[in-house]
Amino acid sequence: MSAPVTAGAAAAGGSAAASEPSLTPIFVRLKLSLLRNGLRQSGGRTAAFVASLVVVLLIAAFMVLGFLLLRGHEAAGAVAVLTTGVFGLGWAVMPLFLPSGDETLDPSRLVMLPLRPQPLVRALLVASLVGTGPLFTLCLAVGAVAAVAHGPAATVTAVLAVPLVLMVCVALSRAIATANVRLLTSRKGRDMALLSGLLIALGIQAVNFGAQALGRAEDLSVLDTAASVVGWLPPASAVAAVGAAADGDLVLAAARLLLAVAALGALLWWWRRSLLRLMVEPDGSTIGAAPEAVKDPAAGRGLLARLLPGGRTGAVMERCFRYIWRDPKTKAAWVSALAVGALVPLFNAFQENGSVYWACFASGMLGVQMFNQFGQDSSAFWMVAQTISSPEDAYAELRDRAYVMISITVPFTVVVALATAAATGGWNRLPEVFGLSFALLGAMLALGVVTSVRYPYGIPQESRRNVAPGQGGMAIAAIFGGMFGGPLLCGPLIGLLVWLRVSDHHGLLWLLLPLGVTYGALLLWGALRLMSGRMARSLPEILAAVSKG
């Protein structure tokens, strides 16, 4: 595409253009082929993808059912419009920061191909519609318009609104990603994304607690006020057009529908312009600065090295700490986990139903960072593999990585629990809270050990994506498995807590602290013993999986 059109090609005119094959089916087949080949690599990946697809379809079915139950309710229009607006915002920001395996649509991989921008945009747009995200959004759009469509005019408008909602969401996501692809793939750009990730985490919690406050409100007029504003913002304007048509205001419906069409056109134009700039302009975002003077190698081993133990344990822990500090994606994941892990308990503590037990969320949120331990190593994992020749070596490697998680999560959980107790006045419940938190941490670390060894996946280093192609379902399944598996493993302690509370044995609740620490340690020890042998035998498979990034 970057090469100018020659005079001969220009003279050929329409006949040359007519003889060119359409890019759209090629890109769709490419997308399906990469997805299929990724799933063929192992049965675990196929199972994870199928499980994630089933979960998405179930959630979509419940959402559609909820919209249908709202049909005829006075708040149906406002709920449909606001939900569509929130999903549109999610399409704009979430694909840049949350895990995704859609590497097939990375425009930076196409810079050497002689492709024209207009057919390329069309092909990429259609290929972008293949996936669980677009399918979920389509179900949302169908449910939203079904909740507000009454009468022939509204039905006709709904038929136009559903594809508009889907196309605007996808085009918005692709345009923003393409416009920022160089920033997001550079080292400094990914460091800057930390602030954006933190703002997104804050925004999600603001929406969450706003929804809780709205659920406790007796007057829903604020809902209509918000919907009247969001109804003029695409893609929500398309759903609002259906509601206006149902009310008989065809002029308003046409205006809102045309607004969504205009937004789609503007996004496609912006996307095309960004693609053109990406493919013909030189990239100066990664040009290095002048070389600095060579420093003493020992200068980097400062306070951190002195605080850590010696031998293999200290070397592994220092390596992991440096990954957390230096690798942009690892740093972004930790910053987001720390922010959300502190915000959720504290925000809930200031609510009327606030409880000190929310402090357990902090250890659970940080425990998720144990999942896919080897993905952050990427292809450099081969150097780690050289140090592992027996199950004992694998045990030490996994144990030392768990030490890093414990050294961060335990003090963080203690601080969050103390702050939550101060906000709620639940100082007398701190022993049982600490016991549950440490048990949950042990459960999450144990699950992280299992998933890291059995279901490793790559993290692309030179892309905005956090999961290698074909491995997105595995990553989602691992995360959701940890979210539900951790509390399930803590079931015995939770049951003991409930029994002591119900039977009025409050004087024995302090036993939950030593029991929780012991139980969590046993879970982690069992997982380490169970998976160390498998890791020693599966080093080539793990290396192949994580090197895919």
Side-chain angles (χ1 to χ4, degrees), residues 99 304 307-309 311-327 329-342 344-345 359-377 381 384 394-417 434-457 459 466 475 478-479 481-483 485-487 489-490 516-532 535 542 546:
L304 176 63
L307 293 176
L308 296 176
R312 179 183 186 126
T313 297
V316 173
M317 293 183 67
E318 184 175 0
R319 174 179 8 110
C320 293
F321 278 122
R322 291 189 182 278
Y323 274 138
I324 294 173
W325 181 251
R326 292 181 177 180
D327 181 64
K329 291 184 179 180
T330 305
K331 186 192 300 184
W334 272 98
V335 169
S336 300
L338 290 169
V340 176
V344 171
C360 299
F361 185 85
S363 59
M365 192 67 192
L366 266 64
V368 175
Q369 305 305 311
M370 184 67 184
F371 290 66
N372 193 33
Q373 273 293 295
F374 310 125
Q376 65 183 2
D377 294 38
F381 180 73
V384 177
Y395 178 90
E397 178 71 25
L398 292 170
R399 179 202 61 199
D400 298 339
R401 290 175 183 254
Y403 283 163
V404 174
M405 307 296 304
I406 294 172
S407 64
I408 298 176
T409 306
V410 169
F412 179 77
T413 301
V414 171
V415 172
V416 172
F434 284 138
L436 289 177
S437 297
F438 297 147
L440 179 60
L441 174 60
M444 297 296 288
L445 294 181
L447 289 171
V449 169
V450 175
T451 57
S452 294
V453 175
R454 290 186 60 88
Y455 308 109
Y457 56 88
I459 301 177
N466 293 328
I479 293 174
M483 291 173 58
L489 286 177
C490 294
V517 173
T518 304
Y519 183 70
L522 286 176
L523 286 176
L524 177 58
W525 177 81
L528 292 172
R529 284 296 180 190
L530 181 66
M531 302 310 298
S532 58
M535 178 182 172
I542 297 174
V546 301

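Here, residue 1 is the first one in the sequence, and each next residue gets the next number.
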What verdict does the side-chain contact (heavy atoms from CB on, under 4.5 Å) test give for Val340 and Phe361, after you've listed the backbone C-alpha separation in whole Å, the side-chain angles of each residue and the deciding distance to 0.1 Å?
CA-CA 9 Å; Val340 176; Phe361 185 85; 3.9 Å; yes

side-chain contact (heavy atoms from CB on, under 4.5 Å) assessment of Phe438 paired with Val414
CA-CA 10 Å; Phe438 297 147; Val414 171; 4.3 Å; yes

Evaluate the side-chain contact (heavy atoms from CB on, under 4.5 Å) criterion for residues Asp377 and Val384: first the C-alpha distance (whole Å), next the side-chain angles of each, then the deciding distance (0.1 Å), finally the verdict.
CA-CA 9 Å; Asp377 294 38; Val384 177; 3.5 Å; yes

Verdict with supporting geometry, Met444 and Met370, side-chain contact (heavy atoms from CB on, under 4.5 Å):
CA-CA 7 Å; Met444 297 296 288; Met370 184 67 184; over 6 Å; no

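Residues that satisfy the ring-ring contact (aromatic ring centres under 6.0 Å, His included) test with Phe374, not counting sequence neighbours, are Phe381.
Taking 4.5 Å as the limit, some side-chain heavy atom of Leu447 sits within range of a side-chain heavy atom of Leu489. Proximity of Arg401 to Arg319: side-chain heavy atoms (C-beta onward) are separated by under 4.5 Å at one or more points. Between Thr330 and Gln369, the closest side-chain pair of non-hydrogen atoms is not below 4.5 Å.
No option in Thr409, Val316, Leu308, Ile324 other than Ile324 meets the side-chain contact (heavy atoms from CB on, under 4.5 Å) test with Val404.
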N/O donor-acceptor pairs under 3.5 Å from side chains in residues 523-531, not counting sequence neighbours:
none

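At distances below 3.5 Å, not a single donor-acceptor pair connects side-chain atoms of Ser532 with backbone N or O atoms of Tyr395.
The two residues Phe321 and Ser407 make their nearest non-hydrogen contact at CZ-OG, 3.3 Å. Between Ser452 and Pro456, the shortest heavy-atom contact is O-CB, 3.5 Å. Smallest separation of non-hydrogen atoms from Leu366 and Ala337: CD1-O, 3.6 Å. Residues Cys490 and Tyr519 approach most closely at CA-CE2, 4.3 Å, considering heavy atoms. Considering all non-hydrogen atoms of both residues, Ser437 and Thr413 come closest at CB-CG2, 3.6 Å.
Atoms CG and OG1, on Asn372 and Thr451 in that order, are 7.5 Å from each other to the nearest 0.5 Å. The distance from atom CG of Leu440 to atom SG of Cys360, rounded to the nearest 0.5 Å, is 6.5 Å. To the nearest 0.5 angstrom, Cys320 atom SG is 9.5 Å from Met405 atom CE. Once rounded to the nearest 0.5 Å, the distance linking CD of Glu397 with OG1 of Thr313 reads 10.0 Å. Here CH2 of Trp334 is found 14.0 Å from CH2 of Trp325. Values are rounded to the nearest 0.5 Å.
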